Amino acid sequence: MVRPVETILRALEKAYPQAHCALAHDNPFELLVATVLSAQCTDKRVNQVTPLLFARYPEAASLAQARQSELEKIIYSTGFYRNKAKHLIAMAKALMALYGGQVPADMKALVALPGVGRKTANVVLGNAFGIAGGVVVDTHVGRIARLLGLTKAQMVEKVEADLIRCVPRSKWILLPHLLIEHGRQICVARRPRCGQCVLATNCPSCLI
DNA sequence: ATCCCGAGGG
DNA sequence: CCCTCTGGAT
């Protein structure tokens, strides 16, 4: 029923040769912060607040000393601003206390940071350090959760486990970017453009 | 109304 | 396991 992953990968790589991490960043710290901000928010809007954010708080040391009210104003438009501001300050303090202000290149250490879950850790590991720790699975998977009778929480875990099993490790970092690009251009939530979809012939939800 | 590169708390 | 947190785009 489902086409081999290799075939899907090849089709997506051909369709989106420019796929990459769209969160603007110059170093692991900036990517970590940007990824925390990206929760339930488009990368484009994150990129609108990060220039001012990083000018004001260029590294963990300054962010750890931030006044929460000031930080909230800067990140306001990314949503969840109170939680994110609180988490970012706590995260920066933890980076100072545990890692000398540096971002650890380690899954367990990243996930233990305040406000950092497995998805954020995977983004930082893969795109800042080039380490394929796991596979980034975002909220797109929630769209098909109902078809399989799974909750979103179950879905995220199962999908990553399946991808780790089926996809060669050399593609773990690239694959999420391909899927996200596909989700943005073709497989959008409302009125998906199935007529232009390179995976249409194999898609159970295809509308044509 | 629904969705966006989620995570913590109950 | 479910809920909440938030604003802007579509």
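Every chain is numbered from 1, with letters handed out A, B, ... down the list of sequences. Note that this is a predicted model, so its numbers are computed, not measured.
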What's [X] touching, base or sugar-phosphate or nothing? Going by heavy atoms closer than 4.0 Å.
X: A:Thr35; result: nothing
X: A:Gln48; result: nothing
X: A:Leu31; result: nothing

- Message: Judged by each residue's nearest nucleotide on DNA chain B, which is more toward the 5′ side, A:Gly115 or A:Ala22?
- Response: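 This one resolves to A:Ala22.
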- Closest nucleotide of DNA chain B for A:His20 versus for A:Val116: which of these residues is on the 5' side?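 Here A:His20 is the residue nearer the 5' end.
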So, does [X] use its side chain to make a donor-acceptor pair with the main chain of [Y] at under 3.5 Å?
X: A:Lys84; Y: A:Gly79; answer: yes
X: A:Lys14; Y: A:Val198; answer: no
X: A:Glu72; Y: A:Tyr81; answer: no
X: A:Trp172; Y: A:Val167; answer: yes
X: A:Thr50; Y: A:Val46; answer: yes
X: A:Asn47; Y: A:Ala22; answer: yes

- Item | For DNA chain B, the residues among residues 170-182 of chain A that have a non-hydrogen atom under 4.0 Å from it |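 Nucleic-acid contacts, sorted: A:His177, A:Ile180.
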Nearest-Å distance, [atom1] ([X]) to [atom2] ([N])?
X: A:Gln154; N: B:dG6; atom1: CD; atom2: P; answer: 19 Å
X: A:Glu157; N: B:dG6; atom1: CD; atom2: P; answer: 17 Å
X: A:Asn47; N: B:dC5; atom1: CG; atom2: P; answer: 11 Å
X: A:Lys86; N: B:dG6; atom1: NZ; atom2: P; answer: 19 Å
X: A:Leu110; N: B:dG8; atom1: CG; atom2: P; answer: 12 Å
X: A:Asp43; N: B:dC3; atom1: CG; atom2: P; answer: 18 Å
X: A:Leu32; N: B:dA7; atom1: CG; atom2: C1'; answer: 13 Å
X: A:Tyr16; N: B:dC5; atom1: OH; atom2: P; answer: 14 Å

- Reading nucleotides 2-10 of chain C from 5' to 3' and marking B where a protein heavy atom lies under 4.0 Å of the base, S where only the sugar-phosphate is that close, and - otherwise, the string is S--BBBS--
Using the [atom1] atoms only, state how far [M] lies from [N], rounded to an integer number of Å.
N: B:dC4; M: C:dC1; atom1: C1'; result: 24 Å
N: B:dG9; M: C:dG7; atom1: C1'; result: 22 Å
N: B:dA7; M: C:dA9; atom1: P; result: 24 Å
N: B:dG8; M: C:dG8; atom1: C1'; result: 24 Å
N: B:dC5; M: C:dT10; atom1: P; result: 12 Å

- Message: I'd like to know whether A:Phe29 forms a side-chain contact (heavy atoms from CB on, under 4.5 Å) with A:Leu63, so could you lay out the CA-CA distance, the side-chain angles of the two residues, the decisive distance to 0.1 Å, and finally the verdict.
- Response: CA-CA 10 Å; A:Phe29 171 75; A:Leu63 186 58; 3.8 Å; yes
- Message: Measuring only between side-chain heavy atoms, which start at C-beta, is A:Arg193 closer than 4.5 Å to A:Gln185?
- Response: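 When only atoms from C-beta onward are counted, A:Gln185 and A:Arg193 do not touch, as no gap falls below 4.5 Å.
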- Message: Can you tell me how far apart CD (A:Glu13) and CG (A:Leu175) are? Round to the nearest 0.5 Å.
- Response: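 That separation rounds to 9.0 Å.
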- Message: Using side-chain contact (heavy atoms from CB on, under 4.5 Å), reason through A:Val103 and A:Leu31 one step at a time and then give a plain yes or no.
- Response: CA-CA 10 Å; A:Val103 178; A:Leu31 182 57; over 6 Å; no
- Query: Closest to the A:Lys119 side chain: B:dA7, B:dG8, C:dC1?
  - Reply: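 Of B:dA7, B:dG8, C:dC1, B:dA7 is nearest to the side chain of A:Lys119.
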